[in-house]
There are 2 protein chains.
Amino acid sequence: MAEQTQYEELARQLSAIGAVKRDMARILPHDCPGGSAAVLTLLGRHGDMRMSRLAELLAVDMSVTSRHVAHVAERGWIDRSPDPADKRSRILRLTDAGRDRLDELSRRTTELLAHRLGDWTDDEVGQLIGLMTRLRESFGDCRPASRVTPPALAAEAAAHGTHAAPVSTQTTRTPA
Amino acid sequence: MAEQTQYEELARQLSAIGAVKRDMARILPHDCPGGSAAVLTLLGRHGDMRMSRLAELLAVDMSVTSRHVAHVAERGWIDRSPDPADKRSRILRLTDAGRDRLDELSRRTTELLAHRLGDWTDDEVGQLIGLMTRLRESFGDCRPASRVTPPALAAEAAAHGTHAAPVSTQTTRTPA
DNA sequence: TATTGTTATACTCTATAACTATA
DNA sequence: TATAGTTATAGAGTATAACAATA
């Protein structure tokens, strides 16, 4: 159990990390804001999925997810095919163009981080990743009460899995 | 030097940390959004200062700082007295009401973090703080090119110091 | 009746540019 | 001419609520 002073300092660091995120966002292509980039990244990592699953991974409301998805779909980076098993749902899938876009994003991100964190060791980066992952886990599903996927449904979704085989490597155990 | 996979994972974690920030923001009073809370926090830590110094600590443009400051000033949480040495500047100072507000914010923040991070050790929280601090340092002053305080002026500002004696302890070397 | 997803609306945060007052 | 600060405007992200289609 940490002291109050530490908690206040952590809160300050969380508030200030926004500057880092903004610096990262600044290298994104003009037609691909952060929300779109997140959609492409998660589809690339976890493979095809439904809106509700994506909203869960993004940790935002489904209405927000819907807007981000509409944006990338308009640009032809993903397909939205109807789910044969549930006509209310749509299956999201990266197109070839979307995969190209994602490769470009990865390239830019890696380049920026390699430049900024040139003096960090592999181990140090790993420690930060591990602690940030654990931080998110400690906060759990902290979206506003309404319309949060209940545990039962989350389990069902996990068991259900993605409808198409994810081509991307799934090397990490991180939630998202 | 870390691998590309790690960089991509770190980028993902930075993107996803927003959910934690939103959960923190949810406990703020209705008339005190995140920007206002940040202003109060920094004034409490570093003592009285000018707009430009606050913008530097917030790592946002001065126009943004101006809006946040106007909001807290309207509510009587800070004073904006003219700087006798430079009539263009204003000295920002927490009022008693502002200090009360800040205490309330600290209380809520600490309570939430104590709840969420109950199973974290003091050392683990310290590690996360340390790595996040270093991350911000590695990114440095990454605000958009225009109107970023040049090094010479930053040094001058540091030497200049705060106009009134900061009551708060200045025990850390962290940029903000 | 409950769930999936969409849309309309509102709020917060941010940056750019134009403007004023002072140095 | 340059700097400190303000304001107007625009863009991105998010949540809430109302709605349509389907289970």
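Atoms considered below: every heavy atom in the structure, side chains included; atoms not considered: hydrogens, waters and symmetry mates. A, B, ... follow the sequence lines: proteins, then strands. Residue 1 opens every chain.
Gly18(B) comes within 4.0 angstrom of nothing in the nucleic acid, heavy atoms only.
Counting heavy atoms from C-beta on, the side chains of Val64(B) and Leu58(B) never come closer than 4.5 Å.
Rounded to an integer number of Å, the gap from CG of Asp61(A) to P of dA8(C) is 16 Å. In this structure, NE2 of His68(B) is placed 8 Å from C1' of dT12(C), rounded to the nearest angstrom. With rounding to whole Å, His71(A) atom NE2 is found 10 Å from dA12(D) atom C1'. Taking atom NZ of residue Lys21(A) and atom C1' of nucleotide dA15(C), one finds them 17 Å apart after rounding to whole Å. The nearest whole Å value for the distance from the CG atom in Asp86(B) to the P atom in dT22(C) is 10 Å.
Remark: Arg26(A) is not in phosphate contact with dA12(D), judged by side-chain N or O atoms under 4.0 Å from OP1 or OP2.
Interface remark: the Ser89(A) side chain does not form any donor-acceptor pair with the dT3(C) base, using a distance-only criterion of under 3.5 Å. Evaluation of atom-type donor-acceptor distances gives no pair under 3.5 Å for the side chain of Ser52(B) against the base of dT3(D). A donor N or O paired with an acceptor N or O is found under 3.5 Å between the base of dT14(C) and the side-chain atoms of Arg67(B).
There is a side-chain donor-acceptor pair under 3.5 Å between Ser63(B) and Asp61(B). Side-chain contact annotation: Thr133(A) with Gln13(B), donor-acceptor N/O pair under 3.5 Å present.
With respect to the salt-bridge test (charged N to carboxylate O, under 4.0 angstrom), the residues Arg134(B) and Glu124(A) qualify.
Side-chain atoms of Arg88(A) lie closest to dT22(D) of the nucleotides dT16(C), dT22(D), dA15(D).
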